[in-house]
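Hydrogens, waters and symmetry mates play no part in the numbers below; they use all other heavy atoms, side chains included. Because the structure is a prediction, the values reported are computed rather than measured.
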Amino acid sequence: MSVDGTPENPFTLGADDLARLDAIREALLDPSPRRIGRLDQWGLADSYETYTEIAAYRELSITMPDGTVLDASLSVPRNLAPGQTCPAVVLPAPLIDIGHRAYLGMIPRLALGGYAVLAYSQRGLARSTGEIHVAGPQDIADATVVVDSLMQIDGVDPDRVGFFGSSYGAGTSLLAAANDRRIKAVVGTSAWGDLFASLYENGTRHLKAFEALVQLFGEDRCSPEFREVIGKIRANTIDDTVREFARERSPRNHLNAYNDTATPILLTTAWHETVFSVPAVIELFNGLTGPKSLLVQVGDHGNGELPGLAGLLSKPTEMAYRWLDHHLGGSAGDGREPGYGIRSEYMHNLLSDLRHPDWESYALPKRRFHLTAPAAGQSDGQLAEGEPQAGWTRSVKSTGQGTDIVVAPRLVQTGLAERMGLPYVYKTADVDRGLAAVWTGAPLERAMRIQGDLELRVTVKPQQADATIVAYLLDVDPATGKGHIITHAPFTLTDRPAGESTTVAFPLQPAHYVLARGHRLQLVVDTHDPFFTTADTTTPVFTLDITSPEGSESHLDVPLGDLD
């Protein structure tokens, strides 16, 4: 399933995707030979012809107590025997302009598995009325009303109701399950664990992704509360209002509710996720004590499940069918038992598939690489194991512009290319050493893997308050000088005065990456990335010193081990 977007709106579906979904909808509403036959060009005619024999589809509206009308669709099994019941799945919409219709490709599989399916667009999205609250308390109250309406349908088993959601729908599903004990199983693909961590990482705004999401929401449809938060984030005013807005919308803050009911929860995310915080999803997963599974894939937000939402095969949706079948008693999947624990792919191998029972057994022990001063006549320092290296200073200039190294040249699209085996290539020799400090490791004597959490410690002395640094770890081929990004993280020295030295230790995004023999690790630290802030030529140029004082030597901890 292609995504034909722009940097301003990377989440827009391509023309062929929209045409296919329109054809599916028309065939569901009017299952005539002509409508069904139109699906033949996508190889879907047989699936939907079978669907019309076993289930009935209709579109409907669900009215909330305050008069808000949610746009929805309902698929129910035909010819249930007297007294026979079926499981049901609720699908809250992802953040996309077609709303719940994004799930049309999943309906035949779920129907063949004996499920009733109710898909809906949350208030303010697509054709639903009302204002957008971003999975706030009003949206969670709406989800309860949606479940109430589902209970009124003949044959639906009230004890076998699950939720599946992608992206925005994942957050709605998880938060609804924390509030409504009738929800017996949850799948959240491209999920979020903590909304604040997704907006504001290590004191740094995720501005580019935030603006892309706001554009997709449409500010004119947002609630006054959300519009106030939008303004505060743009102004970099991160106060108690923003924190509370994010807190009540963060599944990580509802662990007690999930654990009290042992709600089975399947989560998916991506190594280069640029919308929601990966560490927060992992922390949510680690905090769950009931049945749980976590899938981490190559790519970016939504990349992994896109084919599955279209009715094709994808690892997240195949896992979801097994998960729902096992916990609700349907038969949409392949009959195999669902996996528990962690399932992962490594960059950039789409076909890789590793299993571990938990994060503790998944993450490799860390090896410490000390940051050193450049050798005589060299501009770059080394990443060196052994003794700490103190007493050096590396100065870079902050000009409001960054180097060629960035988190992702294009939101979502860069990650999608990674899934195709085409990671973005950086020419590390071209990185301006006046704007960035660089440290390079020795060539690897054998192929190795990075697997788990990373952490960087440096001492920073900026000549301007509230300075930001951005750290990138690259895989560099010395033979070509080309590098690929492994992971990254920003850090902003919030409320730190100019000219003061501060030692900071902060996590980089977790990674699962295979390094070829002879390649080198390279750490790049600069002061600007368009992912976190807009370019600003009006900002005064200032110097930022990176140092390694005695007793607080700078280092990078990497979970590095042999490939096998």
Quick check against the 3.5 Å criterion: does [X] have a side-chain atom that pairs as donor or acceptor with the backbone of [Y]?
X      : Y      : answer
Ser344 : Val296 : no
Tyr120 : Ile62  : no
Tyr168 : Ala135 : yes
Ser128 : Gly124 : no
Asn202 : Pro490 : yes
His206 : Ser198 : yes
Thr269 : Val278 : no
Ser121 : Ala126 : no
Ser352 : Tyr346 : yes
Gln122 : Ala93  : yes

Query raised in the report: Would one find more than 12 heavy atoms of other residues, nucleotides or ligands at under 6.0 Å from atom CG of Asn179?
Result: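 Check passes, neighbour count above 12.
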
Query raised in the report: If you draw a 6.0 Å radius around CZ in Arg234, do more than 12 non-hydrogen atoms from other residues or ligands fall strictly inside?
Result: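 Correct, the count exceeds 12.
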
[X] and [Y] ion-paired at < 4.0 Å:
X      : Y      : result
Arg322 : Glu337 : no
Glu345 : Arg419 : yes
Arg20  : Asp17  : yes
Arg35  : Glu49  : no
Arg123 : Asp142 : yes
Arg336 : Glu318 : no
Asp477 : Lys482 : no
Arg78  : Glu53  : no

Quick one: [atom1] on [X] to [atom2] on [Y], what's the gap to the nearest 0.5 Å?
X      : Y      : atom1 : atom2 : result
Ile405 : His528 : CD1   : NE2   : 13.5 Å
Thr274 : His488 : OG1   : NE2   : 8.5 Å
Leu266 : Tyr340 : CG    : OH    : 10.0 Å
Ser73  : Leu29  : OG    : CG    : 9.0 Å
Thr129 : Met64  : OG1   : CE    : 9.0 Å
Tyr51  : Leu44  : OH    : CG    : 14.5 Å

Report task. I would like to know whether Ile486 and Leu474 meet side-chain contact (heavy atoms from CB on, under 4.5 Å); could you show each step before the answer? Result -> CA-CA 5 Å; Ile486 299 172; Leu474 304 178; 5.8 Å; no

Any side-chain heavy atom of [X] within less than 4.5 Å of one from [Y]?
X      : Y      : answer
Pro316 : Gln297 : yes
Tyr513 : Asp475 : yes
Ile233 : Phe210 : yes
Cys86  : Tyr115 : no
Thr268 : Leu294 : no
Leu28  : Arg25  : no
Met347 : His272 : yes
Thr68  : Thr63  : no

Query raised in the report: Going through the checks in order, is the side-chain contact (heavy atoms from CB on, under 4.5 Å) test met by Phe532 and Val407?
Result: CA-CA 9 Å; Phe532 302 111; Val407 168; 3.7 Å; yes

Query - Worked verdict on Glu26 versus Arg38 for salt bridge (Lys or Arg N to Asp or Glu O under 4.0 Å) - result: CA-CA 10 Å; Glu26 291 174 0; Arg38 185 184 167 197; 2.8 Å; yes

Requested in this report: Look at the rings of Tyr362 and Trp271 and say which category their plane angle falls in: under 30° parallel, 30 to 60° tilted, over 60° perpendicular.
Outcome: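 If you compare the ring of Tyr362 with that of Trp271, the planes turn out parallel.
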
Requested in this report: Name the orientation class of the two ring planes belonging to Phe217 and Phe226 (parallel below 30°, tilted from 30 to 60°, perpendicular beyond 60°).
Outcome: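 Rings of Phe217 and Phe226: perpendicular, as their planes differ by over 60°.
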
Query - Leu416/Asp300 under side-chain contact (heavy atoms from CB on, under 4.5 Å): CA gap, chis, key distance, verdict - result: CA-CA 6 Å; Leu416 190 58; Asp300 196 353; over 6 Å; no

Report task. Could you point out which residue of Val431, Val476, Val406 forms a side chain to side chain contact (heavy atoms under 4.5 Å, CB included) with Tyr426? Result ->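 Answer after filtering Val431, Val476, Val406: Val406.
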
Report task. Check the pair Arg101, Asp22 against salt bridge (Lys or Arg N to Asp or Glu O under 4.0 Å), reporting the backbone distance first and the verdict last. Result -> CA-CA 9 Å; Arg101 291 168 182 80; Asp22 282 343; over 6 Å; no

Requested in this report: Go through the steps to decide whether Val214 and Glu219 satisfy the test side-chain contact (heavy atoms from CB on, under 4.5 Å), and finish with yes or no.
Outcome: CA-CA 6 Å; Val214 169; Glu219 285 187 62; 3.3 Å; yes

Query - Charged tip of Arg249 within 45° of Phe245 ring normal and under 6.0 Å - result: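 Yes, cation above the ring, under 6.0 Å and within 45°.
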
Query - Derivation and outcome, salt bridge (Lys or Arg N to Asp or Glu O under 4.0 Å), residues Asp353 and Arg343 - result: CA-CA 7 Å; Asp353 196 347; Arg343 186 176 181 183; 2.7 Å; yes

Query raised in the report: Do you see a donor-acceptor pair shorter than 3.5 Å between the side chains of Ser277 and Glu201?
Result: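 Result is no, nothing qualifies.
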
